[in-house]
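For the single chain, residues carry numbers from 1 onward in sequence order. Values below: every heavy atom of this structure, side chains too, minus hydrogens, waters and symmetry copies.
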Amino acid sequence: MGYLFLFLTIWPALLLASPAEEPEETTIPILETTQELFGGRINTVANRLDLFFADQRADDELARSRIRLRQRYEVRERALMQDDFQIRFNIRLPNLEGKFKFQMDKKQSATKKKAEIKQEAVRDSLGNPLDTTWQYRADVGVNASVPPRLFFRNRVRKNWQTGELIHRFVEEVSWFSDRDWEQNTSIDTDYIISEESLLRFNNSSDWKITRKDFSTGHGPSLRRRLSDNEAISFGLAMSTIVDNGVWYVTNYRLGTTYRRNLYKQWLYLDLTPGLDFPKQWSFRRTPFIAMQIEALFGGN
């Protein structure tokens, strides 16, 4: 069952992707400009939605330093209510960023230079270009518990485009005061349905280095902007774990998140009803609902 779900998760991205053919010497400027325009359009839609949902990716790629305060409550069947308060500081480190940006200094023909000038014009008109360089970001935070739980994260990112898809690679190494070192790798694939709708396929792995736990997550999500002050996200997810060399599914999830701007784009409300199907309950449905209040400072 787990392998079938994984296949159904990854297969649409493979189906939508068109093979990228890179001629060795000949270039066609008009085609390059068209691809740049479409890639910028995908990225513009993704940035607009991810900024509204306050995703870490949007803060990183748009080089925003932010402070986030989050209070989350969750109620689920066969469990006590959980609450969690988190403060997170997203830090931009320009000096370290430069070490992950690689540039190639090659002589280019006049035709290629003209094509690049046109592509730059497309980037400028879109306002949200697709950054294909390596990027470095870091953030620190604390969870309000007794004792407080501290964490620190380092991330490198890189984007690339194939046909009508944008792929986003993230490698992250983190330290947590209550569970030591962890490493996470993820690849998101974005496809735009309309100017207000984005389809995303996520595949990620999480390695808890100290405790030697290894898990993965897979699933598609659909994000849609309903108005300037509200948006909704629908998602399917599958969680797996590797234990003693055996890979098996631990949970299936079906969920919806409604996000509302409460006050001047710095105070937000999230409501997330959903269903879990955990292995520990023989994959019986487990309904839950979560509510989150989030305040954002900086990065405007």
Side-chain angles (χ1 to χ4, degrees), residues 49-60 64-91 137 139-153 155 170 172 174-179 182 184 186 188 200 202 204 206 208 215 217 219 221-226 229-239 250-278 280-281 285-299:
L49 287 166
D50 287 351
L51 276 173
F52 189 83
F53 279 95
D55 277 7
Q56 185 68 60
R57 183 200 71 80
D59 287 348
D60 284 354
R64 297 188 171 196
S65 294
R66 266 187 166 176
I67 301 175
R68 305 184 189 199
L69 280 70
R70 289 176 171 173
Q71 177 66 58
R72 178 182 174 88
Y73 301 93
E74 182 177 291
V75 178
R76 64 174 54 237
E77 191 177 80
R78 295 187 291 272
L80 298 175
M81 185 183 75
Q82 299 179 352
D83 65 279
D84 181 63
F85 177 72
Q86 184 182 104
I87 303 174
R88 190 152 105 182
F89 303 87
N90 194 70
I91 304 171
R137 297 289 188 272
D139 62 81
V140 295
V142 56
N143 286 70
S145 59
V146 181
R149 292 171 292 164
L150 306 176
F151 64 84
F152 175 72
R153 294 190 179 102
R155 291 178 302 284
V170 182
E172 179 178 277
S174 311
W175 177 84
F176 298 85
S177 60
D178 59 334
R179 54 184 191 266
E182 296 184 6
N184 180 271
S186 68
D188 290 346
R200 173 169 291 165
N202 172 263
S204 64
D206 186 60
K208 294 177 175 57
S215 59
S221 63
L222 174 65
R223 289 188 168 184
R224 179 170 178 78
R225 187 77 174 263
L226 301 177
N229 293 312
E230 56 185 350
I232 194 167
S233 174
F234 306 93
L236 293 170
M238 177 185 74
S239 301
T250 56
N251 187 52
Y252 296 102
R253 171 170 290 188
L254 171 64
T256 301
T257 296
Y258 171 78
R259 184 171 175 87
R260 174 80 182 183
N261 171 28
L262 297 179
Y263 184 72
K264 293 186 177 180
Q265 299 180 342
W266 71 268
L267 186 63
Y268 291 85
L269 169 68
D270 288 34
L271 292 176
T272 306
L275 290 172
D276 276 342
F277 298 87
Q280 68 179 93
W281 297 107
R285 65 164 183 80
T286 304
F288 68 90
I289 184 168
M291 182 185 75
Q292 176 178 278
I293 297 291
E294 180 176 48
L296 305 176
F297 302 93

In Å, rounded to the nearest 0.5 Å, how long is the span from CD of Glu77 to CG of Leu275?
9.5 Å
Pi-cation contact, Phe151 with Arg153 (under 6.0 Å, within 45°):
yes
Set of ring-ring contact (aromatic ring centres under 6.0 Å, His included) partners for Phe288, sequence neighbours left out
none
Are Asn184 and Ser174 side-chain neighbours, meaning at least one heavy-atom pair lies under 4.5 Å?
no
Which heavy atom of Ile293 sits nearest to which heavy atom of Leu267, and what is that distance?
CG2-CD1, 3.9 Å
Between Asp276 and Arg78, is there a salt bridge with N-O shorter than 4.0 Å?
no
Checking side chain to side chain contact (heavy atoms under 4.5 Å, CB included) for the pair Leu269/Gln292: CA distance, chi angles, key distance, verdict?
CA-CA 6 Å; Leu269 169 68; Gln292 176 178 278; over 6 Å; no
Residue set satisfying ring-ring contact (aromatic ring centres under 6.0 Å, His included) with Phe53, at least two apart, ordered chain then number -> none
Of all heavy-atom pairs between Arg223 and Ser233, which one has the smallest distance, and what is that distance?
CG-OG, 3.7 Å
First locate atom NZ of Lys208, then atom CD of Glu182, and finally report the distance between them rounded to the nearest 0.5 Å.
4.5 Å
Please find out if less than 6.0 Å separates the ring center of Phe52 from that of Tyr268.
yes
Quick one: does any side-chain atom of Asn251 pair with a main-chain N or O of Phe277 as donor and acceptor, under 3.5 Å?
yes
I want to check something: taking the side chain as every heavy atom from C-beta on, are Asp84 and Tyr73 in contact at a cut-off of under 4.5 Å?
no
Quick test of your reading of the model: are Arg70 and Asp270 salt-bridged, counting only N-O distances below 4.0 Å?
no
Heavy-atom nearest pair, Asp55 first then Arg200, reads OD2-NH1, 3.8 Å
Please say which of Arg260, Arg72, Arg259 ends up in a salt bridge (Lys or Arg N to Asp or Glu O under 4.0 Å) with Glu294.
Arg259
Sidechain-backbone polar pair: Thr250 side chain, Ser239 backbone, donor-acceptor under 3.5 Å
yes
Roughly how far, to the nearest 0.5 Å, is CE of Met81 from CZ of Arg76?
13.5 Å
Under the side chain to side chain contact (heavy atoms under 4.5 Å, CB included) rule, what do Arg225 and Glu230 come out as? Steps first, then yes or no, please.
CA-CA 6 Å; Arg225 187 77 174 263; Glu230 56 185 350; over 6 Å; no
Distance check, rounded to the nearest 0.5 Å: Leu236 atom CG versus Asn202 atom CG?
12.5 Å
Side chains of Ile87 and Arg68: does their closest heavy-atom pair fall under 4.5 Å?
no
Ile232 versus Phe234, closest heavy-atom pair with distance:
CD1-CZ, 3.6 Å
Using modelled atom types only, decide if a donor and an acceptor are shared between the side chain of Ser186 and the backbone of Ser204 within a distance under 3.5 Å.
no
